[in-house]
Amino acid sequence: MTDAHYNPDPHAHPGLHLIAIFEAGKGLLAFAAAFGLELLGPAPLLRWLRELTLRFQISTDHGALAWLSNAINPDSVHLAAALIFAYGVLRMIEAWGLWRVKVWASWLGCISAAIYLPLDVYALFRHPGWMSVAVLVVNLIVVAVLARDIFKRGR
């Protein structure tokens, strides 16, 4: 049952449109990253990793960097690009749904933003600073706006 006061007109939901634009931007960035990975391939990534280890005098004999340098190959780059592209598609679908004021898009956005909240809180304590605060605040606002939309539809 929907709320008698809920206005289904998309123009009545500027918060959803703002989040839709934000999500579309994330989708476009994901597409750019996926295409960039495909165009560049593993060679620049391995070169960057080598320069990083030399600059900071990090051992690549064991640990995460050793695993990463062994894991970077054409197949893993294609897989990473495909996953990033799929993430971009998901963000664009969500953006379209939010722009059209679809309840499923509010659910998708609310859940996907809420999943990051524990990581945002962890990042705030691990790396305190304005960037960590800004990311947490933006995600809290997104969850609040989308949860409010869901709640208003269900009353």
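Index from 1, following the sequence.
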Check your understanding: Going from CG on Leu52 to CZ on Arg50, what distance comes out if it is rounded to the nearest 0.5 angstrom?
Key -> 12.0 Å
Review point. Looking only at heavy atoms, which two atoms of Leu16 and Ser106 are closest? And how far apart?
Key: CD2-OG, 4.1 Å
Review point. Can Leu18 be reached from Leu140 by stepping across I, L, V, M, F, W or Y side chains whose heavy atoms are under 4.5 Å apart?
Key: no
Point to revise | Flag if over 12 foreign heavy atoms under 6.0 Å of CH2, Trp104 | key: yes
Study note, to complete from the structure: Residues Ser69 and Leu46: closest non-hydrogen pair is O-CD2, 3.6 Å
Point to revise | Of all pairs that satisfy side chain to side chain donor-acceptor pair (under 3.5 Å), the ones with a partner from residues 31-45, not counting sequence neighbours | key: Glu38-His78
Which pairs of donor and acceptor atoms, one on a side chain in residues 124-136, lie under 3.5 Å apart (sequence neighbours left out)?
residue: Arg126; atom: NE; partner: Tyr122; partner atom: OH; Å: 3.4
residue: Ser132; atom: OG; partner: His127; partner atom: O; Å: 2.7

Study note, to complete from the structure: Shortest non-hydrogen pair, Asp75 vs Asn73, comes out as N-OD1, 2.9 Å
Review point. In terms of hydrophobic clusters joined by side-chain contacts under 4.5 Å, are Leu117 and Ile141 together?
Key: yes
Review point. Do you know the tightest heavy-atom contact between Ile84 and Ala30?
Key: CG2-O, 3.2 Å
Review point. Got a second to check how far Arg153's CZ is from Arg148's CZ, nearest 0.5 Å?
Key: 12.0 Å
Exercise for review: Treat each ILVMFWY residue as a node, draw an edge where side-chain heavy atoms are under 4.5 Å apart, and state whether Val103 and Ile93 are in one component.
Suggested key: no
Point to revise | Minimum heavy-atom distance Ala20-Leu98, with the two atoms named | key: CB-CB, 3.8 Å
Acceptor/donor pairs from residues 21-29 side chains to any protein atom, 3.5 angstrom cut, sequence neighbours excluded:
residue: Glu23; atom: OE1; partner: Lys26; partner atom: NZ; Å: 3.3
residue: Glu23; atom: OE1; partner: Arg91; partner atom: NH1; Å: 3.1
residue: Glu23; atom: OE2; partner: Lys26; partner atom: NZ; Å: 3.2

Review point. In terms of hydrophobic clusters joined by side-chain contacts under 4.5 Å, are Leu108 and Met92 together?
Key: no
Check your understanding: salt bridge (Lys or Arg N to Asp or Glu O under 4.0 Å): which pairs involve residues 116-125, sequence neighbours left out?
Key -> none
Check your understanding: Who pairs with Phe31 by ring-ring contact (aromatic ring centres under 6.0 Å, His included), at least two apart in sequence or on another chain?
Key -> Phe85
Review point. Any chain of hydrophobic side-chain contacts (each under 4.5 Å) joining Leu90 to Ile111?
Key: no
Practice item. May I ask you to test the Leu40-Val77 pair for a side-chain heavy-atom distance under 4.5 Å? Key: no
Point to revise | Members besides Leu83 in its Ile/Leu/Val/Met/Phe/Trp/Tyr cluster (side-chain heavy atoms under 4.5 Å) | key: Leu79
Review point. Do you know the tightest heavy-atom contact between Ser76 and Ala71?
Key: OG-O, 2.6 Å
